[in-house]
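Worksheet: the structure to be examined is printed underneath.
Naming: A, B, ... by sequence-line order, numbering from 1 per chain. Computed from a prediction, not measured in an experiment: that's the story for all the values here.
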Amino acid sequence: MIIQKIQDFSLSTIAESGQCFRMNLLERGTYRVIAFGKYLEVTPLGNDTFQFSCTEDDFLHVWTDYFDLTADYRALKALVPPDDAFLSAAVNYGWGMRILRQDPWEVTVSFIISQRKSIPAIKTAVETICTNFGTPAYADGKQYYPFPSAEKIADLSCSDIGCCSLGYRDKYVTGAARSVACGDLDFTKLREADTQAAGNILRSLYGVGEKVASCILLFGLHRINAFPEDTWIKRIIDSEYAGAFPKNLYEGHLGIIQQYMFYFARSTEYQRAAPLN
DNA sequence: TGCCAGGCTTCAC
DNA sequence: GTGAAGCATGGC
């Protein structure tokens, strides 16, 4: 068990911002995270202090990286011009945001599934994949299901994986799994490649286009300048920026800005004031 | 019951 | 190269 003081860190903001699908609220503010085959519970204790249900070794070598705890987003927020009312409100609303450093394989599958699905439906599909094909594991007597390996998914037919509500995306997921399993898609090499080259490789996968590739770059490879433009971001750029968002102001950190925009655009606070649809 | 969802591929033109 | 059609299924 680790007790840690962390400033500018909000579990609810991170969990509800649409970047991950296996971080869930249990009770009284405690969130459960399943990632990299490990199980974690994080409980806010007040005064910027959090309890992590892990060893010191895992905290230092797994979760500090995962939650991007060494980063400081304050300098980025300071770049937002005061006269940009939307983005000023967005970075304020998204207090405690972090861009998680997730497993790129899990991110690839999750965001392939995400196309034309609601976030609750994505979470259901991802969880069903884990319970059906993940190898059960235990932490403190609790059973959980890690995300299955690419090799495991590669052995499945579209019919086998049909129980996971993937619809027409089933062939995209099995195809990506086979690319990883046979070595054609190597995330170790992608980490070393420049962002443009990595994006080109990702877009060569069947079922991966510009938006999903950007999500894999941002959430799986921590290329924080990747800027996924989904329907929400496009509507915001049209309605708040007359179709021209000033990306040049945030060069190098566009992915973080995008995450504040996405999280705020979907909030009831913004929807009440300026509904997008 | 009907509409919509963190898009993509395919096919005309 | 550009734009429209079609897509499976869950959640509200």
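Ring geometry, A:Phe264 versus A:Tyr93: the interplanar angle falls from 30° to 60°, so the pair is classed tilted. Classified by interplanar angle (parallel below 30°, tilted 30° to 60°, perpendicular above 60°), the ring pair A:Tyr172/A:Tyr168 is perpendicular.
For B:dA5, the OP1/OP2 oxygens have no side-chain nitrogen or oxygen of A:Ser114 closer than 4.0 Å. Close to C:dG11, at under 4.0 Å from its OP1 or OP2, lies a side-chain N or O of A:Thr124.
A gap of 23 Å separates the P atoms of B:dG6 and C:dA5, to the nearest Å. A gap of 16 Å separates the C1' atoms of B:dC4 and C:dG6, to the nearest Å. As rounded to the nearest Å, C:dA8 and B:dC11 have P atoms that lie 14 Å from one another.
With hydrogens and angles left out, the side chain of A:Glu229 and the base of B:dG7 share no donor-acceptor pair within 3.5 Å.
In DNA chain C, runs of at least 3 stacked Watson-Crick or G-U pairs (N1-N3 plus N6-O4 or O6-N4, or N1-O2 plus O6-N3, all under 3.5 Å) give these stems: B:2-5 with C:9-12, B:7-13 with C:1-7.
A salt bridge between A:Arg74 and A:Asp8 is absent, with no side-chain N of the basic residue lying under 4.0 Å from a carboxylate O of the acidic one. Salt bridge absent: A:Glu229 and A:Lys211 never bring a charged side-chain N and a carboxylate O closer than 4.0 Å.
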Report task. Check the pair A:Ile113, A:Val173 against side-chain contact (heavy atoms from CB on, under 4.5 Å), reporting the backbone distance first and the verdict last. Result -> CA-CA 8 Å; A:Ile113 292 170; A:Val173 171; 4.2 Å; yes
Report task. Go through the steps for A:Asp84 and A:Tyr241 under the test side-chain hydrogen bond (donor to acceptor under 3.5 Å, both in side chains), then give the verdict. Result -> CA-CA 9 Å; A:Asp84 187 336; A:Tyr241 298 93; 2.9 Å; yes
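Side-chain atoms of A:Gln115 lie closest to B:dC8 of the nucleotides B:dA5, B:dG6, B:dC8. Nearest nucleotide to the side chain of A:Tyr206, out of C:dC12, B:dT9, B:dG7: B:dT9.
Checking A:Asp140 against A:Tyr39 by side-chain atom types alone, no donor-acceptor pair falls below 3.5 Å.
Residues from residues 165-182 of chain A lying near DNA chain C, meaning a heavy-atom separation below 4.0 Å, are A:Ser165, A:Gly167, A:Tyr168, A:Arg169 in numerical order.
Between the CD1 atom of A:Ile122 and the C1' atom of B:dC4 there is a distance of 13 Å, rounded to whole Å. The distance between atom CZ of A:Phe264 and atom P of B:dG6, rounded to the nearest whole Å, is 18 Å. At whole-Å resolution of the value, CZ in A:Arg235 and P in B:dC4 are 11 Å apart. In this structure, A:Lys117 places its NZ atom 11 Å from P of B:dG6, rounding to the nearest Å. Note: CZ (A:Arg116) to C1' (B:dT9) measures 13 Å, nearest angstrom. Straight-line distance from the NZ atom of A:Lys211 to the C1' atom of B:dG7: 8 Å, rounded to whole Å. In this structure, A:Ile233 places its CD1 atom 11 Å from P of B:dG7, rounding to the nearest Å. In this entry the distance linking CE of A:Met261 with C1' of B:dG6 reads 14 Å, nearest Å.
Counting non-hydrogen atoms under 4.0 angstrom, A:Leu205 reaches the backbone sugars and phosphates but no base. Across all strands, A:Tyr263 comes closer than 4.0 Å to no nucleic acid atom at all (heavy-atom distances). Nucleic acid contact class of A:Ile112 (heavy atoms, under 4.0 Å, all strands): none. In this structure, A:Ser110 reaches neither bases nor backbone, as no heavy-atom distance under 4.0 Å exists between it and the strands shown. Among the heavy atoms of the strands lying under 4.0 Å from A:Gly18 is at least one base atom, whether or not backbone atoms are also near.
Under a cutoff of 6.0 Å and an axis angle of 45°, A:Arg98 and A:Phe9 do not form a cation-pi pair.
Minimum interatomic distance between A:Ile233 and A:Gln258 (heavy atoms only, all atoms of both residues): CD1-O, 3.7 Å.
Using a 4.5 Å cut-off on side-chain heavy atoms (C-beta onward), A:Phe52 and A:Ile6 make contact.
Evaluation of A:Trp232 against the base of B:dG6 yields no stacking contact (centre distance < 5.5 Å, interplanar angle < 30° required).
Of the residues near DNA chain B, A:Arg266 and A:Val208, the one whose nearest nucleotide (by heavy atom distance) lies more toward the 5' end is A:Arg266.
The aromatic ring centroids of A:Phe111 and A:Phe219 lie less than 6.0 Å from each other.
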